[in-house]
Every structure is written in C-alpha cells, then in structure tokens.
Amino acid sequence: MDYVSALVPPVVMAAFFIALVVVIVKSQGGPNKAKEDALVDAALARAESARQNNGTTAP
C-alpha cells in the first residue's frame, strides 16, 4: 500500500495541471479576442506616443 500513497500526490497534481492547461487553452480566442487585442493595441500605441512625446527612444 505504500506505493499507492506514494503515487497519489503526483497523479492528483498532474490531473490538476492538465485541467489548468485545458482551461487556459479553451479561454484563448473566442468572441472577446478581438476586443482584448484592441485594448492591448491601444495601450501599446498610448505608451509609444507618450515615449515619443518625452523625447526618449526605444532601446
């Protein structure tokens, strides 16, 4: 029975990790992807504009 108690924690952790990966993959894309991409593009454009207005250049 020692082998069962030794194998249970890694199996449980592996199952939770697989479930986490599945949730992450399923949450990518979908109807909100374009909205999220637009928000990121707007934030990047705002940061680039602020950097140019301050007279600094990108590294």
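Keep in mind the model is a prediction, meaning the values are calculated, not measured. Only heavy atoms go into these numbers, but all of them, side chains included; no hydrogens, no water, no symmetry mates.
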Starting from [X], walk the hydrophobic network (Ile, Leu, Val, Met, Phe, Trp, Tyr; side-chain heavy atoms closer than 4.5 Å) and list everyone else you reach, by chain and number.
X     : value
Met13 : none
Val11 : none
Ile24 : Leu20

(request) Quick one: list whatever passes side chain to side chain donor-acceptor pair (under 3.5 Å) with Asp37, sequence neighbours left out. (result) Lys33
(request) Check for a donor-acceptor pair, side chain of Ser49 on one end and backbone N or O of Ala45 on the other, with a separation under 3.5 Å. (result) no
(request) Report the residues that fulfil side chain to side chain contact (heavy atoms under 4.5 Å, CB included) with Val21, sequence neighbours left out, ordered by chain and then residue number. (result) Phe17, Val25
(message) Holding to side chain to side chain contact (heavy atoms under 4.5 Å, CB included), I want the full list of residues that pass it with Val12, two or more places apart in sequence or in another chain.
(response) Val8, Phe16
